[in-house]
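Written below as structure tokens is the structure these notes are about.
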Amino acid sequence: MGRIIGIDLGTTNSLAAYWKDGESRLIPNAFGEYLTPSVVSLDKDGTIYVGKTAKERLSSHPGQTASLFKRFMGSSRKYNLGSKTYLPEELSAMVLKRLKEDAESFLGEPVEEAVISVPAYFNDMARNATKRAGILAGFKVERIINEPSAAALACQNLRQEEDAVIMVFDFGGGTLDVSLVECFDNVIEITAVSGDNQLGGQDFDDAIGTYFINKCDLVPETLEPETRALIRSCAEKCKRELTENKTAQMVVNCSQVNQKLEITRKDIVAIGAELFERMSKPIKRVLMDSKLLSAEIDHIVLVGGSCKMPVVQQYLKHLLNRTDIEILHPDHMIALGAGICAGIKERDEEISDLVLTDVCPFSLGIGIRNENDLNRKLMSFIIPRNSALPTSREDSYVTVEDNQTSVRFGIYQGESMYVDENIKLGELIIQIPPRPKGEIECYVRFTYDINGVLEVNVSIPQVNVNRQMVIVNKDLGMTAEQVEEKLGEYQKLKINPAEQEENKYVIAWGERLFMQSGGEYREEISKKMKYFHHIMRNDPYQIPRVRKYLMVYLAFVEKLTDSYVDWDEAGIEDGSWYDEQDEENKEIDNLYRQWDEEDWTK
Ligand code: ADP
Ligand code: MG
């Protein structure tokens, strides 16, 4: 039997973990890194890049590169990569395939199955799309785990503590999940979850980007897609810097824009005011649902990359009135938890006695007549939000009109009292013999399992009817046949071999810097890249050496582009512009002449 791995398929970054010698361990990718950016890019020749290389191509080839597609998982939204179009689940499949290959080469054995984590707020369609993505990537996927469940599992495992009530606050690139977890006697029970699947670190990047555009008097409509992408990535960089320091310079330097702006942590509070406000809502909801006070929670644990922001930590401390908020490996917790889950699936003796329970993150029900407004059906909840899983519940309904010849059961998911504000999952229509109203009684049973599969059963004993339905939505996402078809297609697609990955990454990096820098550096990058291409074609043994020097040069130019505008402005302010740059340039010239002589002329 092949191995099982756990995967945190993130909006921004994805990670894999496996179970070995009684603990969950992260699996490094081809770069020896744990985080693989969830970015996919398609090259002109049909090669697909996934991860770090693709992320670099976000600004140099925005039209061929897709990111953040997890936000639209399960929807029919299409992404254009060059001339091809892909669904979010297909792009996710490419990320998963990459993780699978990296895991196989690291573990030295085939990986057959994956436990994949999803945000608690994913609806049925998004969960099924995630499963299909796993299948497209060549995995068997039996288990989908909620991200907060995974985080809690990892938390409990690290702590080795007995009983505790834990709040997991997972703030990633595109989603926020808040959940309460109770741990007792080897049972880990998720007792309440809430979240916002459209709120993440990316929103801070956008807010900072917009602030920059306004402050620098740029006209958004006139900005090229490349420039926008660059502003975004510079905003993210600035945000990260504000994690380390109280002030940061946001520098954007390309053909269209050449500006810098100083931003402080305090500014972020104003820039992200709306985001902080939204952040508080799921927390309040979880506390209300569980009827707990903040003081009654034993541990408040922050996970996800955006929790590293000091302003976020401070806000939570203030909101929850707690000083003891904890941050353990915020980037790794979910993957580690998924790895533990993989261990449970592999039936490792050390953890097989651990019981994992989960809750249904949303309410499920059917539409019923609204006497006050016949055009707006009401939601009759059958499985309320936060029911422990698996669960099976039944309710009964009667006909509402005389001589009704059919009954229609619209199946919905959501919290609104009106069905038109919830998500329709499916419909069952059953023919019945005409009778006076109220005489035919229908029993509707919803069974929702731990893997997020909903089975609806309608029985009408009077007329001996028993109908069953498992929810699959045909309009959105892909059907089984389409999956089959795509599977064949993917076999044909070239996914670049891992050993070439590093080369491609350096080329993507160079292309981005080429775009960002100007004048002589641009020429030099172009010259060095040409040489590198030449070596790749003609002299494979020299590749590692030449690549190394190219990387040194690119790192050097990267530093330079960061500070470029800095000098510019300093010059304008104190009138010493030319002198200063000359000084710097001399030094730079010397440095890269040195490299030139050493490595490139031979
Ligand atoms: P996801 O679960 O969505 O894949 P992650 O948990 O990996 O996301 O978090 C990614 C987000 O965290 C990004 O928005 C990124 O900008 C942000 N992030 C990562 N490191 C830092 C940091 N040091 N400071 C501020 N934000 C960070
Ligand atoms: Mg995450």
Side-chain angles (χ1 to χ4, degrees), residues 6-17 26 29 33-40 50-52 54-55 58 67-73 88 91-92 95-96 99 116-122 126 130 145-154 168-179 193 195-209 232-246 248 250 263 265 268 271-272 275 279 301-315 327-339:
I7 293 179
D8 169 8
L9 181 61
T11 313
T12 324
N13 295 301
S14 297
L15 300 84
L26 296 175
N29 62 20
E33 293 163 359
Y34 294 134
L35 271 67
T36 297
S38 308
V39 185
V40 175
V50 174
K52 198 163 142 179
K55 190 178 174 188
L58 263 179
S67 65
L68 303 172
F69 35 85
K70 181 180 168 185
R71 276 186 168 183
F72 297 95
M73 223 22 183
L91 297 168
S92 302
V95 174
L96 289 170
L99 294 175
I116 306 174
S117 63
V118 296
Y121 255 65
F122 258 21
T130 305
I145 179 177
N146 281 331
E147 285 167 9
S149 316
L153 199 53
V168 180
F169 185 90
D170 176 9
F171 198 20
T175 52
L176 168 65
D177 271 292
V178 185
S179 49
V193 299
D196 186 334
N197 62 5
Q198 300 289 327
L199 180 64
Q202 181 74 40
D203 296 291
F204 278 94
D205 305 345
D206 287 343
I208 295 170
R232 254 191 175 196
S233 82
C234 292
E236 201 221 343
K237 208 166 166 185
C238 170
K239 177 185 75 178
R240 284 175 185 257
E241 213 177 305
L242 286 172
T243 294
E244 306 301 319
N245 306 306
K246 286 193 171 146
M250 175 157 167
I263 299 181
R265 262 187 213 166
I268 298 294
I271 295 171
L275 306 176
M279 219 182 280
V301 178
L302 309 191
V303 301
S306 300
C307 278
K308 291 188 231 166
M309 292 172 72
V311 279
V312 169
Q313 295 169 18
Q314 217 178 79
Y315 179 71
I327 308 195
L328 313 153
H329 320 293
D331 286 328
H332 303 157
M333 292 297 274
I334 292 164
L336 288 172

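First listed ligand is number 1; within each ligand, the first listed atom is number 1. Source: prediction; values computed, not measured. We're numbering straight along the sequence, starting at 1.
- Under 4.0 Å from ligand 1, the heavy atoms of Thr243 that appear belong solely to its side chain.
- The ligand atoms of ligand 1 that sit less than 4.0 angstrom from a heavy atom of Gly174 are 3 (O).
- The aromatic rings of His329 and His332 lie parallel to each other, their planes meeting at an angle below 30°, with 60° marking the opposite boundary.
- Ligand-side atoms of ligand 1 in range of Gly304: 6 (O), range being under 4.0 angstrom from any heavy atom.
- In terms of protein heavy atoms, atom 2 (O) of ligand 1 is closest to Gly172 CA, 4.0 Å.
- Atoms of ligand 1 lying under 4.0 Å from at least one heavy atom of Gly10, given by number and element, are 4 (O).
- Here's the thing with Asp331: none of its N/O atoms is less than 3.5 angstrom from an N/O atom of ligand 1.
- Asp203 and Arg71 are joined by a salt bridge, as a carboxylate oxygen and a charged side-chain nitrogen come within less than 4.0 angstrom of each other.
- In terms of polar-atom proximity, Asp205 is not counted as a contact of ligand 1, lacking any N or O under 3.5 Å from an N or O of the ligand.
- Residues Val178 and Val168 fail the side-chain proximity criterion, which asks for heavy atoms closer than 4.5 Å.
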Walk me through it: do Leu275 and Leu199 pass the test side-chain contact (heavy atoms from CB on, under 4.5 Å)? CA-CA 8 Å; Leu275 306 176; Leu199 180 64; 3.7 Å; yes
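- Of the charged side-chain nitrogens involved, none lies within less than 4.0 Å of a carboxylate oxygen, so that Arg232 and Glu236 do not count as a salt-bridged pair.
- Not a single heavy atom of Gly200 lies less than 4.0 angstrom from ligand 1.
- Donor-acceptor pairing under 3.5 Å is lacking for the side chains of Ser14 and Thr36.
- In this structure, the side chain of Ser306 does not engage the main chain of Gly200 through any donor-acceptor pair within 3.5 Å.
- Between the choices Pro119, Gly305, Gly173, the shortest heavy-atom distance to atom 18 (N) of ligand 1 belongs to Gly305.
- In this structure, of Lys239, Glu236, Arg240, Glu147, the residue bringing a heavy atom nearest to atom 14 (O) of ligand 1 is Lys239.
- In this structure, the protein non-hydrogen atom closest to atom 7 (O) of ligand 1 is Asn13 ND2, 3.0 Å.
- Between Lys70 and Glu147 there is a salt bridge, with a side-chain nitrogen of the basic residue lying less than 4.0 Å from a carboxylate oxygen of the acidic one.
- Without hydrogens or angle criteria, Ser117 side chain to Ile7 main chain gives a donor-acceptor distance under 3.5 Å.
- Among protein heavy atoms, the minimum distance from atom 23 (N) of ligand 1 is reached at Lys308 CD, 3.7 Å.
- Neither the backbone nor the side chain of Lys70 has a heavy atom within less than 4.0 Å of ligand 1.
- Listed by number with element, the atoms of ligand 1 under 4.0 angstrom from any heavy atom of Gln202 are 14 (O).
- Here is the list of ligand 1 atoms found below 4.0 Å of a heavy atom in Gly201: 14 (O).
- The number of heavy-atom neighbours closer than 6.0 Å to CD of Gln314, taken from other residues, nucleotides and ligands shown, is 12 or below.
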